[in-house]
Colleague: 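One structure, as structure tokens, below. Some questions next.
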Amino acid sequence: SVSDFDDGKIDSRYGSGWRITTDTQMGGSSIAEMQIVQNGAGQSKGALEISGEIQEGFAYPWAGAFFIAGAQVAQSAIAQASANSMQPVDYRTLKELIFSVKGDGRSYSVMAFTAAQAGGIPPSISFKTTADWQEVRLPLAGFDGLDLSQVAGFSFNASAPVGQFRFAIDSVEIR
């Protein structure tokens, strides 16, 4: 298990935890924040709520939360996670990313990053939210072109259309 958020902390059992990621690093103006909320999936104590606003100003706007799978090589003063400052993790023996989610009805996506990300848009898989908790299972092989031997992390994002968003994730696992 990566994170279940039941201890009231935004942390992970391995890797370097969770960070906010937005298009501001590419000149956009979208915003996001994350907090622990009560009543997680399956009557668990807590979940991670990610909320914010997608704003005009960048061709591919995004905002969300990024799980850093490896140890960070250098801590940057900037809160943005940079894929090339991370130790990659080898996920070749694992098959899927599993998590529970509920939200505002918008579609969201998970983006997968490699340690050697060379620009371009990372592979992603979309999922839709409802007001009730549901389990989402994404096959790692479904992240088109992802080098599973060099995974830096996964980002849970809102993207276009512009506007406010709010969703919560819980019971995040890669197995």
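Residue numbers count from 1 along this sequence. No experiment lies behind these values; they were computed from the predicted model shown. Every heavy atom of this structure was used, including side-chain atoms; hydrogens, water molecules and symmetry mates were not.
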Colleague: Please enumerate all residues that pass salt bridge (charged side-chain N to carboxylate O under 4.0 Å, His left out) together with Asp104, with sequence neighbours excluded.
Modeller: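 Asp104 satisfies salt bridge (charged side-chain N to carboxylate O under 4.0 Å, His left out) with no residue once adjacent residues are dropped.
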Colleague: Kindly compute the distance separating CZ (Arg19) from CZ (Phe66), expressed to the nearest 0.5 Å.
Modeller: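 That separation rounds to 10.0 Å.
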Colleague: Can you measure from CG (Leu48) to OG (Ser171) and round to the nearest 0.5 angstrom?
Modeller: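 Taking CG in Leu48 and OG in Ser171, the distance rounds to 12.0 Å.
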Colleague: How about Arg13 and Ser1: do any of their side-chain heavy atoms sit closer than 4.5 Å?
Modeller: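 Touching, per the 4.5 Å side-chain cut-off.
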Colleague: Is the side chain of Gln134 donor-acceptor paired with the backbone N or O of Lys128 at a distance under 3.5 Å, no angle test?
Modeller: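 At least one qualifying donor-acceptor pair exists.
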Colleague: For Ser3 and Trp18, test the side chains for any donor-to-acceptor distance below 3.5 angstrom and give the result as yes or no.
Modeller: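 A donor-acceptor contact under 3.5 Å links the two side chains.
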Colleague: Are Arg175 and Arg137 side-chain neighbours, meaning at least one heavy-atom pair lies under 4.5 Å?
Modeller: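 Yes, close enough: below the 4.5 Å cut-off.
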Colleague: Under the ring-ring contact (aromatic ring centres under 6.0 Å, His included) test, which residues partner Phe99, sequence neighbours left out?
Modeller: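 Applying ring-ring contact (aromatic ring centres under 6.0 Å, His included) to Phe99 gives Phe127, Phe156.
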Colleague: Does any N or O in the side chain of Thr22 come within less than 3.5 Å of the main-chain N or O of Thr24, such that one atom is a donor and the other an acceptor?
Modeller: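 Yes.
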Colleague: Can you tell if the side chain of Ser51 reaches within under 4.5 Å of the side chain of Glu33, non-hydrogen atoms only?
Modeller: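 Result yes, sub-4.5 Å side-chain heavy-atom pair found.
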Colleague: Nearest 0.5 Å, please: how far is CD1 in Ile169 from CZ in Phe5?
Modeller: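 Output value for this atom pair is 5.0 Å.
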Colleague: Is Asp170 reaching over with its side chain to a backbone N or O of Gly40, donor-acceptor style, under 3.5 angstrom?
Modeller: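 Answer holds: no.
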Colleague: With no hydrogens and no angle check, is any side-chain donor or acceptor of Ser29 less than 3.5 Å from a backbone partner on Gly57?
Modeller: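 Side chain of Ser29 to backbone of Gly57: no pair is present.
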Colleague: May I ask you to check whether Tyr14 and Phe67 place their ring centers less than 6.0 Å from one another?
Modeller: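 Ring-ring flag for Tyr14/Phe67: true, centres closer than 6.0 Å.
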Colleague: Determine whether Tyr108 and Val136 fall in the same hydrophobic cluster, where Ile, Leu, Val, Met, Phe, Trp and Tyr are linked whenever their side-chain heavy atoms lie under 4.5 Å apart.
Modeller: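 They do share one cluster, since a chain of ILVMFWY contacts under 4.5 Å joins Tyr108 to Val136.
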Colleague: How long is the straight-line distance from CD1 of Ile98 back to CD of Glu96, given to the nearest 0.5 Å?
Modeller: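 Separation between the atoms: 4.0 Å.
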Colleague: Are Ile125 and Leu146 in one and the same hydrophobic cluster, where Ile, Leu, Val, Met, Phe, Trp and Tyr link if side-chain heavy atoms are under 4.5 Å apart?
Modeller: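 Looking at the clustering, Leu146 is in the same group as Ile125.
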Colleague: Just by distance, no angles: are the side chains of Asp90 and Ser149 close enough, under 3.5 Å, to form a donor-acceptor pair?
Modeller: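 Not at all, the side chains of Asp90 and Ser149 share no donor-acceptor pair under 3.5 Å.
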Colleague: Under a 4.5 Å side-chain heavy-atom rule over Ile, Leu, Val, Met, Phe, Trp and Tyr, are Leu148 and Leu138 clustered together?
Modeller: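 Yes: a chain of side-chain contacts under 4.5 Å links Leu148 to Leu138.
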Colleague: Keeping Asp23 on the side-chain end and Tyr60 on the backbone end, is there a donor-acceptor pair under 3.5 Å?
Modeller: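 Answer holds: no.
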Colleague: With a 4.5 Å heavy-atom cut-off, do Val162 and Glu56 have their side chains touching?
Modeller: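 Result yes, sub-4.5 Å side-chain heavy-atom pair found.
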Colleague: Between Arg166 and Glu49, is there a side-chain heavy-atom distance shorter than 4.5 Å?
Modeller: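 Yes - at least one pair of side-chain heavy atoms lies under 4.5 Å apart.
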Colleague: Return the minimal non-hydrogen interatomic distance between Phe143 and Met111, and the atom names on each side.
Modeller: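 Here Phe143 and Met111 meet closest at CE2-C, 4.5 Å.
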Colleague: Quick check: closest heavy atoms across Ala115 and Ala152, and the distance to 0.1 Å?
Modeller: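 So the two residues come closest at N-CB, 3.8 Å.
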Colleague: Side chain of Arg106, backbone of Thr130: donor and acceptor closer than 3.5 Å?
Modeller: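 Between the backbone of Thr130 and the side chain of Arg106 there is no qualifying donor-acceptor contact (under 3.5 Å).
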Colleague: Side chains of Thr114 and Gln150 only: does a donor on one sit below 3.5 Å from an acceptor on the other?
Modeller: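 No.
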Colleague: Measuring from Trp133:CH2 to Ser44:OG, what's the distance to the nearest 0.5 Å?
Modeller: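 It is 7.0 Å, given to the nearest 0.5 Å.
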Colleague: Among the clusters formed by ILVMFWY side chains lying less than 4.5 Å apart, do Val151 and Leu94 turn up in the same one?
Modeller: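 Yes; Leu94 is reachable from Val151 via cluster members.
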Colleague: Let me see the working for Asn157 and Ser159 under side chain to side chain donor-acceptor pair (under 3.5 Å), right down to the final yes or no.
Modeller: CA-CA 6 Å; Asn157 295 329; Ser159 56; over 6 Å; no
Colleague: Report, as yes or no, whether the 6.0 Å neighbourhood of atom CD on Glu135 holds more than 12 heavy atoms from other residues, nucleotides or ligands.
Modeller: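 It does: Glu135 CD has more than 12 such atoms within range.
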Colleague: Are Ile36 and Met34 connected in a single hydrophobic cluster, I mean Ile/Leu/Val/Met/Phe/Trp/Tyr linked by side-chain heavy atoms less than 4.5 Å apart?
Modeller: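 In one cluster with Met34: Ile36, yes.
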Colleague: Return the orientation label for the Phe167 and Phe165 ring planes: parallel under 30°, perpendicular over 60°, tilted otherwise.
Modeller: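 Ring orientation, 0 to 90° scale: tilted.
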Colleague: Working to the nearest 0.5 Å, report the span between OG of Ser100 and CG of Asp132.
Modeller: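 Those atoms lie 12.0 Å apart.
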